[in-house]
Amino acid sequence: MAKSHLFILLCFLLNSVSSQTTVDEPTMQALKSHLNLTKDVDWSNPNPCKWPTVECSNNRVTRIQLNNKAIRGTLPSNLQTLTELTVLEFFMNQISGPIPDLSGLTRLQTLNLHDNLFDSVPKNLFSGMVSLQEAYLEYNPFSPWEIPESLKEATSLQKLSLTGCNLTGKIPDFFSSQTLPSLTSLQLSQNLLQGELPPSFGASSLQKLYLNGQKLNGSVSLLQNMTSLIELDLQGNAFSGPIPDLSGLEALSLFNVRENQLTGLVPPSLTGLKSLKTVNLTNNCFQGPTPEFGKSVAVDVIAKTNRFCLETPGAPCDPRVDTLLSVAESLGYPVKLATSWKGNDPCDGWLGITCSGSNVTVVNLGRQGLTGTISPSFAKIASLETINLSNNNLTGTIPNELTTLPKLKTLDVSNNDIYGGVPKFGDGVAVVTSGNANINKDGPLSPDGGGGGGSKKSSSVKIIAPVVGGVVVAALCLVGLGVCLYKKRRARPAKVQSPNSHVVVHPHHSGDGDAIKLSVAASSVGGSSNSQTPNSEIHVVESGNLVISIQVLRSVTNNFSEENILGKGGFGTVYRGELHDGTKIAVKRMEPSAVSDKGLEEFKSEITVLTKMRHRHLVALLGYCLDGNEKLLVYEYMPQGTLSQHLFHWKEEERKPLDWTRRLAIALDVARGVEYLHTLAHQSFIHRDLKPSNILLGDDMRAKVSDFGLVRLAPEGKYSIETRVAGTFGYLAPEYAVTGRVTTKVDIFSLGVILMELITGRKALDVTQPEDSVHLVTWFRRVAASKDKDKDAFKNAIDPNINLDEETLASVQIVWDLAGHCCAREPINRPDMGHIVNVLSSLTVQWKPSEADPDDLYGIDYDVPLPQAVKKWQASEGLSQTMDDSGSSSSAYGSRDNTQTSIPIRPSGFAASFTSVDGR
Ligand code: AMP
């Protein structure tokens with residue numbers, strides 16, 4: 001007995017001695033005191049090496065991994081004393097203040113601080129970090145900063161993500177494989193970067209390059225040399241000029257250049273790439289034939305948003321179009337021409353083109369700011385009588401071929417930078433060459449460079465200019481040789497590294513009326529060993545390992561016990577659970593009856609799509625499970641349930657009614673989440689089923705949009721997708737209900753209805769109301785129409801549970817108008833989500849002028865995406881339900897939130913129902 005006491009005492013002493021001798025203890029204690037640790041992080045042991053989420057080796061701290069724990073506070077300034085650190089991770093918390101100086105952490109391999117509230121970055125952030133392999137700082141509200149020069153010192157860097165970090169300035173020019181030899185993934189999306197692509201990209205080993213959503217511009221010609229590329233996203237910039245020869249990019253899988261100003265023909269070197277899985281060319285100025293890609297490629301080209309000659313993929317253009325496009329090619333395919341030169345008939349109002357019948361007789365492109373050279377292709381337009389290219393910045397020579405034009409009367413190239421001799425034209429051709437300093441000289445040499453020289457001098461109109469054919473040919477040869485040599489020097493052999501298997505999303509047109517569906521393809525590029533069997537497909541989602549085993553999910557939900565049921569929706573039942581690390585989760589379990597092959601495919605592809613959408617106001621997908629018949633999605637747990645509970649069932653649930661400030665904040669959160677879906681995600685998505693039961697609330701009553709079961713890729717501009725109508729009665733935009741046509745404006749309508757509900761406290765459909773007031777939108781419009789005459793009608797329409805003082809009333813009035821605007825009958829008259837965000841944020845700022853709660857900063861941009869947005873499994877027709885007008889749930893578990901169940905509806909049947917409630 002005495003011996004065992006002695007032993008325990010010894011252990012205790014040893015333990016305390018060892019904890020005292022940890023040199024890192026003071027820093028770790030400082031860290032602890034700076035952080036506002038939540039209960040589930042127990043850092044009470046005197047020895048930091050014993051703290052959960054901390055690891056030591058040889059009594060030195062080597063890893064700190066305190067992720068996703070809702071931790072606030074700041075980081076202490078002395079973290080750089082932890083010189084043995086290899087992993088430093090605090091991602092997905094609410095830590096604020098500056099990122100401290102970490103320079104000199106020579107052993108640090110992983111720095112992961114994404115999704116926090118850090119406000120600044122030290123200038124020497126990467127100094128001396130020679131072991132750093134991965135750095136993720138995305139989605140922090142940093143004050144504007146530039147990519148630091150010290151990044152060059154992180155010579156082991158493989159992956160860098162600075163997405164949504166408020167980066168400004170230019171992309172520095174040190175990304176070549178000489179400087180950063182291991183860098184394969186660079187994510188700089190959603191910043192404020194400007195300028196052109198740095199030349200060093202062309203000499204880099206980058207496999208993934210994400211630069212979408214910035215102000216970048218200039219040419220993309222250096223892509224030709226980025227032969228390691230697998231994923232490229234340049235969406236939403238201002239890049240111009242043509243796509244270069246991409247035949248060397250033999251591993252390229254994703255090519256997204258949507259929303260730029262790219263011009264020219266889509267080259268066969270892109271359409272012919274065998275590795276290609278996803279292409280997005282929409283909203284550019286591409287010309288020529290609509291490209292035709294292989295069947296396995298998911299293509300988003302939307303012909304109408306470009307300048308193709310015909311909409312049918314692969315259909316050849318009229319020869320006149322081909323010829324004029326090769327003229328444009330020599331001019332670098334200027335945007336000005338691309339904007340006007342669309343369609344298949346140049347005689348149909350093309351800029352500078354005049355026709356006689358269907359024959360082009362005049363090309364008049366004087367004073368258009370053109371650069372480039374004069375194309376010999378002019379010679380193919382035999383009907384040409386006049387070519388005017390005067391007062392531009394053209395260089396090169398006058399092509400000899402032009403002398404063969406039988407009807408040519410005038411060639412005016414005056415006031416350019418043309419050099420060389422003037423070819424011998426036939427009698428009666430007026431050739432105007434004045435204002436070209438080097439005309440009749442050997443080349444475009446400077447005045448003191450010999451050869452050419454001279455200032456721009458006037459040489460008047462000549463009829464039949466002297467022939468200096470030999471000089472022209474020599475000059476052309478020189479230029480040609482130069483180009484060849486240049487190309488040869490730049491071309492590098494295709495280098496295919498071996499990435500992990502990855503997933504590509506395939507939006508494709510299906511034959512069944514749903515215009516765009518999503519499917520998934522897993523591909524192993526470059527001999528990756530990650531081969532997939534049908535049952536191992538669950539590993540294909542690229543963004544981290546999201547797979548959670550069925551055993552874990554059974555255990556954390558107490559075998560899906562009834563007492564853990566949170567609710568029931570169209571997908572199946574949702575259960576509460578808690579992972580061993582304390583993370584609370586919500587588990588959606590698909591009804592086994594809903595499983596089919598098609599469904600499985602959709603389930604997987606939606607996971608793939610939605611893991612790419614991450615936003616603070618979209619409920620996060622934490623993981624998923626596919627195991628035999630079991631299909632489950634795991635979400636972050638939203639402890640305060642749904643907005644509909646708080647708005648319509650607060651009494652039964654013994655809650656307080658929502659005050660106006662809270663309602664406004666919720667509306668703004670939702671608008672921000674949906675704005676991201678519409679415009680800020682990699683692609684534009686439409687939710688299609690916005691309603692209070694799909695808005696979930698956290699403990700802080702901040703709202704997140706959930707339930708992405710009906711999400712569809714958004715069509716471009718005014719063009720809309722015709723799709724099977726789905727959604728919820730009361731929230732459906734009329735055009736969608738009647739025609740099945742869906743644009744982002746259907747979400748605007750639904751949000752308008754939600755605003756009406758927030759103002760009035762009434763449900764979108766309320767059968768307890770008199771017959772003419774059942775449908776909220778109709779009733780609201782009636783009150784709005786009488787509002788000016790009858791002030792009381794407006795006041796009486798406001799939820800009596802809102803405390804109305806003068807200020808509140810003014811604020812309600814603005815939201816009232818906004819709601820009416822959102823629910824305009826014509827989609828074109830509804831605002832876009834950006835406008836709604838602006839209106840609501842101006843009100844919340846007014847409303848919370850001096851409240852300092854850092855979590856309630858409505859005035860700042862809240863695109864700090866925590867989660868990945870998610871698709872709810874939408875059961876096929878078998879799961880269809882009919883609207884329960886009584887407002888009671890059809891759920892076996894009686895969840896109050898399912899009073900308005902999403903239902904796929906056949907358009908004709910639904911149109912009739914809608915008309916009856918809308919009264920139109
Ligand atoms: P749903 O699949 O949307 O239709 O979900 C059915 C119900 O489950 C909802 O109305 C909520 O009450 C509950 N629920 C769904 N997701 C969550 C979540 N992430 N956290 C808490 N409750 C949830």
Side-chain angles (χ1 to χ4, degrees), residues 68 70 548 553 556-557 560 562-579 583-591 594 603 606-607 610 615-624 631-650 652-653 655 669-670 673 687-711 726-728 731 750 754 763 866-875 879-881 883-884 887-904:
N68 203 3
I548 302 181
L553 294 179
V556 299
T557 58
F560 303 113
E562 283 228 6
E563 67 271 19
N564 279 329
I565 288 175
L566 287 168
K568 198 169 189 295
F571 174 99
T573 310
V574 183
Y575 299 85
R576 183 189 297 107
E578 188 169 330
L579 298 178
T583 308
K584 296 211 170 50
I585 54 173
V587 183
K588 271 190 190 178
R589 188 187 192 193
M590 191 170 127
E591 299 291 1
F603 177 87
E606 296 283 351
I607 290 170
L610 296 166
H615 194 272
R616 192 178 182 85
H617 297 302
L618 301 179
V619 172
L621 177 71
L622 300 179
Y624 63 95
K631 313 275 172 281
L632 302 106
L633 293 168
V634 180
Y635 299 94
E636 65 177 319
Y637 174 61
M638 298 295 288
Q640 290 299 327
T642 67
L643 173 60
S644 65
Q645 285 170 279
H646 290 264
L647 203 52
F648 307 128
H649 306 289
W650 54 274
E652 301 99 288
E653 305 215 6
R655 299 174 193 263
D669 289 348
V670 173
H687 187 284
R688 297 205 300 165
D689 201 14
L690 291 175
K691 56 183 176 179
S693 59
N694 283 340
I695 295 165
L696 299 176
L697 299 166
D699 263 336
D700 52 2
M701 295 300 283
R702 303 306 303 261
K704 299 189 186 210
V705 177
S706 80
D707 207 338
F708 297 86
L710 299 178
V711 162
T728 303
Y731 301 87
S750 308
I754 296 168
K763 291 180 183 166
L866 293 169
Q868 300 110 344
V870 166
K871 154 84 173 171
K872 167 184 115 177
W873 167 253
Q874 187 63 42
L879 267 190
S880 302
Q881 300 166 48
M883 180 65 192
D884 182 354
S888 66
S889 170
S890 57
S891 150
Y893 304 97
S895 160
R896 286 197 183 95
D897 290 325
N898 297 299
T899 52
Q900 288 150 327
T901 308
S902 310
I903 44 171

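Note: hydrogens, waters and symmetry copies are ignored here, and every other heavy atom, side chains too, is used. Because the structure is predicted, anything quoted here is derived from the model rather than measured. In listed order, ligands and their atoms are each counted from 1.
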Query raised in the report: For Tyr637 and ligand 1, does the shortest N/O to N/O distance drop below 3.5 Å?
Result: no
Query - Set of residues satisfying side chain to side chain donor-acceptor pair (under 3.5 Å) with respect to Asn68, sequence neighbours excluded - result: none
Query - Which of the ligand 1 atoms, numbered from 1, are nearer than 4.0 Å to a heavy atom of Tyr635 - result: 19 (N)
**Report entry** Heavy-atom check, side chain of Ile585 versus side chain of Leu553, under 4.5 Å
**Finding:** yes
Requested in this report: Enumerate the atoms of ligand 1 whose separation from the nearest heavy atom of Leu696 is less than 4.0 angstrom.
Outcome: 16 (N), 17 (C), 18 (C), 19 (N)
Report task. Return the option from Leu622, Val587, Thr642 holding the heavy atom at the smallest distance from atom 9 (C) of ligand 1. Result -> Thr642
Query raised in the report: Hey, does the side chain of His617 reach the backbone of Val705 with a donor-acceptor pair shorter than 3.5 angstrom?
Result: no
Query - Nearest neighbour of atom 6 (C) of ligand 1 from the list Lys568, Gln645, Arg576, on a heavy-atom basis - result: Lys568
Query - Nearest atoms (heavy-atom pairs only) where Thr642 meets Pro692 - result: CB-O, 3.8 Å
Report summary line: Near Ala586 (heavy-atom distance under 4.0 Å), the atoms of ligand 1 are 17 (C), 18 (C), 19 (N), 20 (N)
Requested in this report: Determine the minimum heavy-atom distance between Glu578 and Val556, stating which atoms define it.
Outcome: O-CG1, 3.2 Å
Query raised in the report: Given side chains that start at C-beta, do those of Lys704 and Asp669 come closer than 4.5 Å, heavy atoms only?
Result: no
Report summary line: Nearest heavy atom to atom 14 (N) of ligand 1, choosing from Asn694, Val574, Ile585, belongs to Val574
**Report entry** Contacting atoms of ligand 1, where contact means under 4.0 angstrom from a heavy atom of Lys588
**Finding:** 1 (P), 2 (O), 3 (O)
